[in-house]
*Asks:* 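Just dropping this structure here.
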Amino acid sequence: MTRAKPMFLLALAAAMVAGGAIASAASPAETIAARQANFKKMGGAMKALKDELGGGADKAKLLAAARTLAATARLQGGLFPAGTGPSSGVKTDALPAIWAQKPVFDAAAGKLVAEADKLAGIAGSGNTAAVLAQFKVVGGTCAACHRQFRAEE
Amino acid sequence: MSSESETVKVWDPFVRVFHWSLITLFAVAWYSGENHDMDRHRQAGYAIFALVVFRIFWGFAGGRTARFAQFLKGPGAIAQYLKTHDGETPSDGHNPLGGWSVVALLTVVLAITLAGLFAVDVDGIESGPLADWVSFDTGRMASEWHEGVFKAALAVICLHVLAIGYYQILNAQNLIGPMITGKRDRAKGETTPDVKWSPVAALVGIVVVGALTWLVMSGFKLG
């Protein structure tokens with residue numbers, strides 16, 4: 001047991017280094033593709049939430065979508081390393097303002113995680129009015145950040 | 001038919017109200033869409049849906065010049081018209097070429113509206129009333145069609161306006177006035193009768209189209 005622990009920590013450290021190496025080796029195109037796929041997943045989850053809130057309000061479906069949203073939102077903050085904006089030459093709607101105002105952007109990303117967590121916390125409660133209210137807060141958080149940091153189509 | 005009358009009624013009131021309402025609502029939908037005012041955009045879309053569906057109904061049940069059967073002519077008639085039209089003899093309603101322009105306009109506007117009913121925005125937050133019957137991906141595709149056909153519609157509208165300008169300027173034929181008042185001057189010796197329409201048909205159309213629009217707005221979810 002006592003010998004297993006350092007081994008475990010060592011393995012963990014190795015995994016973290018390897019993970020970091022993979023992350024830093026990812027090309028801007030790969031990073032942009034990854035975050036776009038995540039945004040798409042979040043869009044799908046938002047639609048699923050909206051559909052349920054406008055209709056059946058199935059608790060399990062609401063909870064599943066809210067958890068997908070919260071888990072995916074958590075990944076997004078780290079997928080905007082320097083060099084993955086429009087100057088990378090890869091097609092992206094991410095505006096240079098993200099990197100010019102990184103603290104503001106990071107705060108917005110953090111707010112999304114917090115609000116999505118709140119939503120996931122109540123999504124299975126059966127209190128449709130409360131879920132709907134928090135869904136709108138999350139939607140507002142998305143929209144506010146997009147207005148500031150995403151190019152118009 | 002009194003030969004004294006110098007004007008003839010060529011457009012029934014529903015054709016005229018349809019025409020000018022559609023322009024207004026198209027502008028409202030365009031403006032609200034550009035400004036992300038999606039509640040207003042949806043309302044304008046519902047009204048456009050109702051107008052276009054009513055106009056299609058009116059194409060079978062409306063006044064003489066409103067009917068598809070009256071103004072849709074084959075290629076022979078179009079060729080004949082292009083060869084012989086002198087810019088002075090007015091057509092009874094749409095001319096053989098203009099009739100197809102009506103079909104083109106109705107088609108693009110209806111296509112935009114139908115795509116809009118299923119459209120979902122990139123964030124999954126805003127959507128048309130029927131979007132929860134389709135997946136996110138299908139809704140996104142509908143949204144792309146909504147925008148693509150809108151651009152096609154702008155081209156068709158341009159053509160329509162240019163054609164009116166052509167008649168107005170090069171042929172001294174005022175087409176805009178009659179679309180407002182319903183009447184145009186009679187040509188010498190012309191015996192074209194006034195357009196008549198049935199209030200019963202209009203009422204039936206309004207009720208049916210109103211009910212259908214309400215169903216669409218509520219996403220076909222009853223109760």
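Note on naming: letters A, B, ... go to the chains in the order of the sequence lines (proteins, then strands), and numbering restarts at 1 for each one.
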*Asks:* Tell me if a side-chain donor or acceptor on Lys47(A) pairs with a main-chain N or O of Ala131(B) at a distance below 3.5 Å.
*Replies:*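 Checking the backbone N and O of Ala131(B) against the side chain of Lys47(A), a donor-acceptor pair under 3.5 Å is found.
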
*Asks:* Identify which part of Lys40(A) has an atom lying under 4.5 Å from any heavy atom of chain B, answering side chain, backbone, both or neither.
*Replies:*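 Answer is both: backbone and side chain atoms of Lys40(A) are under 4.5 Å from chain B.
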
*Asks:* Tell me the closest heavy-atom pair linking Arg150(A) and Val122(B), and the distance in Å.
*Replies:*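 Looking at all heavy atoms of both residues, the shortest contact is NH1-CG1, 3.2 Å.
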
*Asks:* What part of Asp137(B) is in contact with chain A, defined as an atom under 4.5 angstrom from a non-hydrogen atom: side chain, backbone, both or neither?
*Replies:*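 The answer is the side chain of Asp137(B).
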
*Asks:* Is it true that, when you exclude Lys50(A) itself, more than 12 heavy atoms of the residues, nucleotides or ligands shown sit nearer than 6.0 Å to its NZ?
*Replies:*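 Check passes, neighbour count above 12.
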
*Asks:* Determine whether more than 12 heavy atoms belonging to other residues, nucleotides or ligands lie under 6.0 Å from atom CH2 of Trp133(B).
*Replies:*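 Open: at most 12 neighbouring heavy atoms sit under 6.0 Å from CH2 of Trp133(B).
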
*Asks:* Heavy atoms only: give me the nearest His36(B)-Glu152(A) pair and the separation to one decimal.
*Replies:*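 Where His36(B) meets Glu152(A) most closely, the heavy atoms are NE2-OE2, 3.1 Å.
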
*Asks:* Looking only at heavy atoms, what is the nearest atom pair of Asp123(B) and Met46(A), with distance?
*Replies:*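 Answer, listing the atom of Asp123(B) first, then Met46(A): O-CB, 3.3 Å.
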
*Asks:* First locate atom NZ of Lys41(A), then atom CZ of Phe136(B), and finally report the distance between them rounded to the nearest 0.5 Å.
*Replies:*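 Separation between the atoms: 13.0 Å.
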
*Asks:* For Arg67(B), is the CZ atom crowded, meaning more than 12 foreign heavy atoms sit under 6.0 Å from it?
*Replies:*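 Enclosed: over 12 neighbouring heavy atoms sit under 6.0 Å from CZ of Arg67(B).
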
*Asks:* Might you confirm whether atom NZ of Lys136(A) has over 12 heavy atoms from other residues, nucleotides or ligands at distances under 6.0 Å?
*Replies:*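 No.
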
